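Just so you know, these numbers come straight off a predicted model, no measurement behind them. We name chains A, B, ... by the order of the sequence lines, and we start the count at 1 in each one.
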2 protein chains.
Amino acid sequence: MLQSAPRGAVMDANAKITVLKRSNLFGGLPPETLEAGAEAAKERKLDKGDALFQQGDDATTHYIVASGRLRLDQATPDGKNVVLRFMGPGDLVGSVAVMRDIPYPATPIAADETRVLSWTQARMMDLMQAHPALAMKAINMMGGRIEELQERLQQVATQQVERRIAATVLKIVGQSGRKTEAGVEIPFPLSRQDLAEMTGTTLHTVSRTLSAWIEEGIIEGRRSSHIVIKRPHRLVEISEQA
Amino acid sequence: MLQSAPRGAVMDANAKITVLKRSNLFGGLPPETLEAGAEAAKERKLDKGDALFQQGDDATTHYIVASGRLRLDQATPDGKNVVLRFMGPGDLVGSVAVMRDIPYPATPIAADETRVLSWTQARMMDLMQAHPALAMKAINMMGGRIEELQERLQQVATQQVERRIAATVLKIVGQSGRKTEAGVEIPFPLSRQDLAEMTGTTLHTVSRTLSAWIEEGIIEGRRSSHIVIKRPHRLVEISEQA
DNA sequence: CGAGTGATTGAAAGAAGTCAAATCGCGTGG
DNA sequence: CCACGCGATTTGACTTCTTTCAATCACTCG
């Protein structure tokens, strides 16, 4: 029926509205705002490893993650890489750059098969004009991002590596953890390299640290692509240790 | 005349407008917006070392620095301290917390004698309602803060200490440097401890690093409260060195 | 089964932190 | 005006944490 729908599009209007309800930008707004937002949205599917856009591209589009997971990578001038954050359903991607009219400062890569909704700058402007609460939500969202960055800066600036890794794992667990029989599982692939680039260390140090945790029974066995935490409380202790 | 003006208030309406013109929030907005903003503003003077408010306080007030310099300190749960940034004339203080309705996440301390303008949450809301461009500017300001934090996170996560110190000194020079006969001067007191807390290192390492720079003739002599950079270009090299 | 990618681990080097002590500069009070 | 005391700074010696370098290993995919 919808001949113009992008390849791989499978979400109907209700599914889109459900996604928007969970999002930082539309969450808590009245139904007519959600409907207007859903109507204006396009859908796009990314396979694991695909980039949503490239760092340095002109920022023309707002995105919200519908399902799956994006890893936001920032390449440094000297060829290293920093993982700014992982983003899951409901998270806004690209909006800060679009609103400031600067190039995208990082590249979002699908950590798993991922679906996103998108709005052009113009459409989002119209939406914000028609629904002023959206602008307030945008401010709120950006404030949350600032808070998060300040916390990470503080961690990287003052804490030792093991604490940072513990805190990072716990944050991801808090955002995306799934309870299983064995413990809490991180439901998407998270490599040692990823953790290293999130915590500002090397994959070697991460590997050693996780090996020690496995030894201690804090997390589950080796070389499985999904990390399982068996003793979250112990991780909390590590993340708070003086 | 103005019996209700706070102690130490010395700015007339024009002086306030001049400050607003230079600010991130009001800069570039039409004269009537500036006038409305200036009219709604209160003034406050801080002596060196005074706190504008305390981390953890309810965020009820927006501030803009009129003159002087504030150091934004964040105390960590384990008793350390991180300097989030220095703020000078035109910079907004506290607004992120006010708009998100969360406690102030840090304490701004006057690094020197400092004057600020302030608006209650309600007054600022009225202003934003009456002048929609203000909300857009607020979004822009927050975006800039996010960018800055991402850059610092990247630095702390990937660069060695000397590079970070060099980059930090250069950033401060870019924001506040004054040219003198001897070189570029940072016109407010900046201790080794301050630099350490900005770069995530110890005052010992900062002291050693600056001593080496003095040795090399990059900056000026020791134990003077205002740092003078004699060879900025060399500092740029250090901040970019692989 | 072989290649390739990611992970693990040992050994050595290096960067920065900790501990400790001396020094300097400045303001205070005699 | 000068001695005293305090806080900031400098510096040396040592320790520790991380990284770097180098192999090896495990698992997955073709």
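When rounded to the nearest whole Å, the span between CD1 of B:I165 and P of D:dT9 equals 13 Å. Distance CH2 (A:W213) to P (C:dT8): 13 Å, rounded to an integer number of Å. Put simply, CZ on A:R192 is 13 Å from C1' on D:dC27, counting in whole angstrom units. Distance A:Q193 CD to C:dA7 C1': 11 Å, rounded to the nearest Å. Spacing between atom NZ of B:K48 and atom C1' of D:dA8 amounts to 11 Å, rounded to whole angstrom units. With rounding to whole Å, A:E215 atom CD is found 12 Å from C:dT8 atom P. A:Q241 has its CD atom 13 Å from the C1' atom of D:dC17, to the nearest Å. The separation between A:L210 atom CG and D:dA26 atom P is 18 Å, rounded to whole Å.
In this view, A:E151 and A:Q155 satisfy the side-chain contact (heavy atoms from CB on, under 4.5 Å) rule, not counting sequence neighbours. In this structure A:D112 satisfies the salt bridge (Lys or Arg N to Asp or Glu O under 4.0 Å) test with no other residue, sequence neighbours excluded. For B:A166, the side-chain contact (heavy atoms from CB on, under 4.5 Å) partners at least two apart in sequence or on another chain are B:W213, B:L235, B:I238, B:S239.
Distance check, rounded to the nearest 0.5 Å: CG of A:L170 to CD of A:Q175 gives 11.5 Å. Taking NE2 from A:H226 and CD from A:E220, the interatomic distance works out to 12.5 Å, rounded to the nearest 0.5 Å.
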I would like to know whether A:R234 and A:E237 meet salt bridge (charged side-chain N to carboxylate O under 4.0 Å, His left out); could you show each step before the answer? CA-CA 5 Å; A:R234 181 77 188 92; A:E237 280 176 24; 3.1 Å; yes

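Fit an axis to the five pairs at each end of the helix from C:dC1-D:dG30 to C:dG30-D:dC1 and the two axes sit 30° apart, to the nearest 10 degrees.
In this structure, A:D50 places its CG atom where more than 12 heavy-atom neighbours from other residues, nucleotides or ligands lie under 6.0 Å away. Within a 6.0 Å radius of CG in A:D47, other residues, nucleotides and ligands contribute more than 12 heavy atoms.
Contacts classified as ring-ring contact (aromatic ring centres under 6.0 Å, His included) and involving residues 63-82 of chain B (residues at least two apart or in different chains) are given here: B:F53-B:Y63.
Distances shorter than 4.0 Å separate none of the side-chain N or O atoms of B:S207 from OP1 or OP2 on D:dT11.
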Please write out the pairs of protein N or O atoms and N or O atoms of nucleotides 14-18 of chain C separated by less than 3.5 Å, giving the distance to one decimal.
| residue | atom | partner | partner atom | Å |
| --- | --- | --- | --- | --- |
| C:dA16 | OP1 | B:V161 | N | 2.7 |
| C:dG17 | OP1 | B:T201 | OG1 | 3.2 |
| C:dG17 | OP2 | B:T201 | OG1 | 2.5 |
| C:dG17 | OP2 | B:T202 | OG1 | 3.4 |
| C:dG17 | OP2 | B:T205 | OG1 | 2.5 |
| C:dT18 | O4 | B:R208 | NH2 | 2.8 |

